[in-house]
Amino acid sequence: MKDYLIKRDQLLKDHAVDLKVGLDSTQKVANQRARYGRNELSPPVRESLLKKIGHTLKDVATIILLLAAIISFTTAYLEGSGEIVEGILIIGIVIINSVLSILQEGKAEKALAALQALNQASTKVLRAGKVETISSADVVVGDILYLENGVKIPADARLLETTDLQVEEASLTGESLPIEKNADTDFTHEVELADRSNMVYSGTTIVNGSALALVTAVGDQTELGQIASLLNSEQKQLTPLQIKLKQLGRQISIFAVVAALIVMVIGLLQGLAFMQTFMIAVSLAVAVVPETLPVIVTMTLAVGVRKMAARQAIIRRLPAVETLGTTSVIASDKTGTLTQNKMTVQKIWVSADNEISNLDVDYKANENARSLLVMAGLASNVHYDQDDNQALGLPTEVALVAATERIAKLSQLQASYPRIAEIPFNSTRKRMTTVQKMPNGTYMAITKGAIDVLKPLITEGDLKRAEEVTASFAKSALRVIAVTVKYFDELPAGELTEQFLEQDLKLIGLFGMIDPPRPESKQAVAEARQAGIKTVMITGDHVLTASAIAKEIGILGEGDQALTGSQLREMSDATLTDNIQHYAVFARVTPADKIRIIKAWQANQAVVAMTGDGVNDAPALKAADVGIAMGLTGTDVAREAADIILADDNFASIVAAISQGRGSYDRVRRTINFLLSANVAEVLLILLVLAIGWGSPLLPIHILFINLVANGLPGFALSYEENDLTNMQKKPLPKHAKLFGQGLSQQIIGNALLFTSVSLVAFYLGTHVSFNGVTPSEMVGQSMTFLVLSVISIIHVFNIRSTRSILSDSYGSNPRLYQLAGLSILITAMLVTIEPIATAFHLVVLPWPYWLCALGLILLPTLIIEIVKIARRKNN
């Protein structure tokens, strides 16, 4: 049976603990620790550096690169040529990519370490009849805790005695207000975690009162520990782009094997020597692999990281950049994420005027309203932290004081109306009374609380109207506080009692308050909707409060429904998955419920971004496709479990980050278009030339140079391209959308055929046509082909930037692109103009007539692509 269902006397008996003594011996403490463990969370399994490196080498494209390097080294050894430059270059690419990945992704998850940090304080316990201060980690089951205002609770415990106890549990349950606790409460059936008023839980904080409590769970057995186990068990899913790049790697590997076999068969059937055929197959294998793709993709995402950081979104894990760009559902926590996590007075009702005023819009500081505000401030226990310059106290009282200070400083009011007595709030009375001395020497007793509690004590004021106003406030999910007053000329003899102070009260007015939405939330939700992204609210708060906020900011629209945690737990996973799209608000949910909700959306092929700030959000942040934590108000646990941290806690920053994510995804697709157009052209060219019987148009070293320099350098600059301004007006891509969808495969094939055609002409000119007495040869043909295909590839980076004309983009739009493209052309030209360099790369210096032919062939593909762009723009 769960501890909150067991009566406290029975629990003391079960644990053999005397309320006046506590654990009575060192041996008993040791026995309890041996039986239940230390009050610490199990550390996570950390990956070694070698394991991290192993992960980076598991990528299929990386494996192909390593195989290509092995083949290159083997060929150099068998031929005895000593040419190992190719293999070294390939290995260098693999190393660079691995280092970048490890550095960008950072260390392994630290969420469990952050959870443990919550328990590193000290606490007071009763042992052998004496109160001792010990480390929270040394607390054991059976200890009796001494809990006071401001104390962080070190373990789960059953309350034994309470005095006006209130506990802040927002980080654990999502409940925005402190929870009233009472040791006398007994339960006969199971209730939600947030409703267990006779228990306190590890990691939460006492904000009012004091208590004695019997420890019932420590370490991993606490509610906090169970969240830790959820964090440990949830594995991050591969991002959509990672999945697609893996698929691309497999496709490339299959293509490479098939193409190499075809080359071997054709070559041997033509009577070529085995070694010559093998070398052509190696050339093709090198041509197939886009060596720089992994590095350029990593750089593209890294540039996205910097751009997002400028918009206050700090990326902790690199793949989250592109995942955010494909997000179709934002599952947002309410408290502190969509709302300000600060109770605020929104409306007041003044009894004397029977007038409701909106404190932010049409508030009128008439004399009766001023009196109401003054009394509310005077009857609140709030003090100011001078270091942080903020009010500290119960959220409702901080809100009342903030309203009061619209007309006067509280310190000045307190000086004018000094407090001489107080009857504090407790869970039985549910009201609070203070006695103030007035400037004229008389006195007033101010009582505040719920109207239904004060109603029997009120003899002056329109109670019927007050109940109507309370009902209207409640419909807007406002928490209602009533303020009453009693005046008297002299203090009675003896003690000031509630029987005297809280009789014949005059109703002054009502306050309606709520934790309001962030000002930017409504617009951000609307922008997300325009981009085809559904926003849902997942919160531990009450369904009425959650629904009111959700309606106000546009999450809960017509046809949408709200679902409570208890209703959700009655559903099977299949039922939840089938109906998940009908719900926009999930209220009173637990950390485990949040994970079920996220997985139900994921089962509907949604890419889910989860936002949150509390300990209770951490498992869901990890289970989501991308977890987004609040940087200012978020707990360490939430931040460490997340992929992205919002430095400004601004929900609107999520939408801006999604726009950047979409831009990064677009840039990755452009990179693939750019690289594969040349790679496919190389493969087609080799197969065609071999089939015709002309030999090999390119050597492996030539292909590697084209892939690394002609494609690689400009490809890096693609990472710095600006976003398409219309990308947030499009629907998100489906989770399993093909990487080559939306016409990308057709573009690559069309480009490759074009490049292959002009390269074939270039090889023919070099092998069959003589200029200036130069004898045509395979080496001249290879030099012509190398020059033409290299420069075509470089210029192609400008063709794929957009659907606009190549002439419409200015130098200032991406200076790096122009600089690196120019550098690539210069290096390429050097290889066929400077004889020592040409010789080193098995090329020849070309005379000027060949250059003129090459120039015409180089410009032809761009001219054709420009004509195609014009035709497409006219059709659209």
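When all heavy atoms of Val21 and Leu126 are compared, the pair lying nearest together is O-CG, 3.5 Å.
Note on Glu168 versus Lys152: no salt bridge recorded, every NZ/NE/NH1/NH2 to OD/OE distance being 4.0 Å or above. Ionic pairing of Asp593 and Arg588 is not present here: no N-O contact between side-chain nitrogen and carboxylate oxygen is shorter than 4.0 angstrom. A salt bridge links Lys181 to Glu169: one of the charged nitrogens lies within less than 4.0 Å of a carboxylate oxygen. Between Arg158 and Asp143 there is no salt bridge, since no side-chain N of the basic residue sits under 4.0 Å from a carboxylate O of the acidic one. Taking a cutoff of 4.0 Å between a charged side-chain nitrogen and a carboxylate oxygen, Arg8 and Glu161 do not qualify as a salt bridge.
Judged purely by atom type and a 3.5 angstrom limit, Thr162 uses its side chain to pair as donor or acceptor with the backbone of Ala183. For the pair Asn198 (side chain) and Thr185 (backbone), a donor-acceptor distance under 3.5 Å is present.
Shown here are the salt bridge (charged side-chain N to carboxylate O under 4.0 Å, His left out) partners of Glu132, two or more places apart in sequence or in another chain: there are none. Asp504 is linked by a side chain to side chain contact (heavy atoms under 4.5 Å, CB included) to Thr459, counting only residues two or more places apart in sequence or in another chain. Tyr4 meets the ring pair (Phe, Tyr, Trp, His ring centres under 6.0 Å) test with Phe187; sequence neighbours excluded. For the side chain to side chain contact (heavy atoms under 4.5 Å, CB included) test, residues two or more places apart in sequence or in another chain that qualify with Ala331 are Val536, Ile538, Val608, Met610. Among residues two or more places apart in sequence or in another chain, the ring pair (Phe, Tyr, Trp, His ring centres under 6.0 Å) test is passed with Tyr443 by Phe488.
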*Asp452 vs Lys430, salt bridge (charged side-chain N to carboxylate O under 4.0 Å, His left out): CA-CA, chis, key distance, verdict*: CA-CA 10 Å; Asp452 58 339; Lys430 295 187 181 299; over 6 Å; no
_salt bridge (charged side-chain N to carboxylate O under 4.0 Å, His left out) assessment of Glu397 paired with Lys448_ = CA-CA 10 Å; Glu397 296 196 335; Lys448 71 180 195 301; 2.7 Å; yes
*Let me see the working for Thr434 and Gln436 under side-chain hydrogen bond (donor to acceptor under 3.5 Å, both in side chains), right down to the final yes or no.*
CA-CA 7 Å; Thr434 64; Gln436 321 289 144; 2.8 Å; yes
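Side-chain contact between Val589 and Thr539: absent, with no pair of heavy atoms (C-beta onward) separated by less than 4.5 Å.
For the residue pair Thr123 / Ser136, no side-chain donor-acceptor distance below 3.5 Å is found, with atom types taken as modelled. Between Thr222 and Ser202, the side chains place no donor N or O within less than 3.5 Å of an acceptor N or O (distance only, hydrogens not considered).
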For residues 468-481, dump all side-chain donor-acceptor pairs below 3.5 Å to protein atoms at least two apart in sequence or in another chain.
| unit_1 | atom_1 | unit_2 | atom_2 | d |
| --- | --- | --- | --- | --- |
| Glu468 | OE1 | Arg465 | NH1 | 3.4 |
| Thr470 | OG1 | Ala466 | O | 2.8 |
| Ser472 | OG | Val469 | O | 2.7 |

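Note: Glu498 CD to Leu496 CG = 12.0 Å, rounded to the nearest 0.5 Å. Interatomic distance, CD1 of Ile179 versus CG of Leu165, reported as 11.0 Å (0.5 Å rounding).
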